[in-house]
Novice: 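The structure's right below; bear with me while I get my questions together.
Every number for a ligand or one of its atoms is a count from 1 in the order of the listing.
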Amino acid sequence: MSTLNISGLSKTYSNGVQALNNISLEIPKGVFGLLGPNGAGKSTLMRILATLQEADQGSISFGDLDVLKQKEELRKSLGYLPQSFGLYPKISAEVLLSHLAVLKGISNKFKRKEMVKALLEKTNLYAHRKKNLGGFSGGMKQRFGIAQALLSNPKILIVDEPTAGLDPLERNRFHNLLSEIGETAIVILSTHIVDDVKELCTNTAIINQGEVLLKGNPLELIKEIEGKIFRKTILKKEVKDYKKNYKVISEKLLSGKPVIHILNEDHPGNGFSPVQAELSDVYFSQIFDH
Ligand code: ADP
């Protein structure tokens, strides 16, 4: 299967905000995590990939397709789940999905019925098929969003911040669904949640302020900082001093006390203890630098 190749992509909005600055990424089959804080440029990149927005510069290819020029062609291979989408609250999942299938050009009634059933089963919504969408939970809505995105049997599925607001059980179920889709398609997931990437992605890119800071396989990225992360529980009033003297990459509360992680080439002594590096350490050490 073809790889999606993004090269030198830039985008500045008319208000002068440069949302993307020379982004280059190779995205193979599997679940790819686009990880970055709010405002990093993730949605802008997703919308350009979904052919809903123009880039100023750069190119995107998928096999023989020039994505930025052959939009109609790409759309045939594309499924997109935007950050928020409206649903008709008084229609059942089954009726809306069937209706959307008609709009997708699936005119054969028998084929359509089979497809709707298969997608509702795949997204664990079959038992709720007669329920009105207005009564769906956040996770069910997201899974319905995936069901509609899969109507065209896409080779590329783009999902923008899909796990925000889901409870742990729903999030887990959603991860399993994406992982399954990633076995046969390119799934691009944008998120600010490091654990989404840790649990799900074979490849990731950390982006901030429109730039790619780091890319690769999450486990390999962790290896690069292995042995360089140290932890210490300190007092609240000491936080400032520690930040001055060490490269503090994260600060969390544990039972109300600040626990800091620092990045250091060697053991710093001074009561620090070494910890197993995590993807969150990779992420925060990158974001810290900027
Ligand atoms: P993310 O999805 O990572 O939160 P976005 O792509 O939404 O990031 O935004 C990147 C930057 O571009 C932000 O500074 C945001 O305020 C700005 N931005 C996004 N959309 C627009 C727009 N339509 N007009 C002007 N600025 C925008």
Novice: Given K11, which of R47, Q57, Q53 fulfils the side-chain contact (heavy atoms from CB on, under 4.5 Å) condition?
Specialist: Q53

Novice: Taking the non-hydrogen atoms of G36, is any one of them nearer than 4.0 angstrom to ligand 1?
Specialist: no

Novice: Would you verify that at least one protein heavy atom lies under 4.0 Å from atom 11 (C) of ligand 1, or report that none does?
Specialist: yes

Novice: Return yes or no for this condition: an N or O of A40 is under 3.5 Å from an N or O of ligand 1.
Specialist: yes

Novice: Considering heavy atoms of the protein only, find what lies nearest to atom 8 (O) of ligand 1 and give residue, atom and distance to 0.1 Å.
Specialist: G41 N, 3.0 Å

Novice: Cation-pi between K117 and Y126: NZ/CZ under 6.0 Å from ring centre and within 45° of the ring axis?
Specialist: yes

Novice: Thinking salt bridges, do D196 and R171 make one under a 4.0 Å N-O criterion?
Specialist: yes

Novice: Is P37 touching ligand 1 with its side chain, its backbone, both, or neither, if touching means heavy atoms under 4.0 Å apart?
Specialist: backbone

Novice: Starting from atom 17 (C) of ligand 1, locate the nearest protein heavy atom and write down its residue, its atom name and how far away it is, to 0.1 Å.
Specialist: V17 CG1, 3.8 Å

Novice: Can you list every salt bridge (charged side-chain N to carboxylate O under 4.0 Å, His left out) pair that touches residues 135-159, not counting sequence neighbours?
Specialist: none

Novice: Looking at atom 19 (C) of ligand 1, what's its closest protein heavy atom, distance included?
Specialist: Y13 CE1, 3.4 Å

Novice: Please determine whether a side-chain nitrogen of the Lys or Arg among E94 and K131 lies less than 4.0 Å from a carboxylate oxygen of the Asp or Glu.
Specialist: no

Novice: Suppose we measure from atom 4 (O) of ligand 1 to each protein heavy atom; which comes out shortest, and what is that distance?
Specialist: G39 N, 2.7 Å

Novice: Would you mind finding which of I48, N38, I207, T44 brings a heavy atom closest to atom 5 (P) of ligand 1?
Specialist: T44

Novice: Purely on distance, is any nitrogen or oxygen of K42 under 3.5 Å from one on ligand 1?
Specialist: yes

Novice: Are F230 and H261 near enough that their ring centres are under 6.0 Å apart?
Specialist: no

Novice: Select the closest option to atom 25 (C) of ligand 1 among L35, N15, L20, judged by heavy-atom distance.
Specialist: N15

Novice: Name all residues meeting the salt bridge (Lys or Arg N to Asp or Glu O under 4.0 Å) criterion together with K252; count only those two or more places apart in sequence or in a different chain, and write none if there are none.
Specialist: none

Novice: Under 3.5 Å, is there a donor-acceptor pair linking the side chains of Y13 and T44?
Specialist: yes

Novice: Where is the nearest protein heavy atom to atom 7 (O) of ligand 1: which residue, which atom, and how far?
Specialist: S43 CB, 3.7 Å

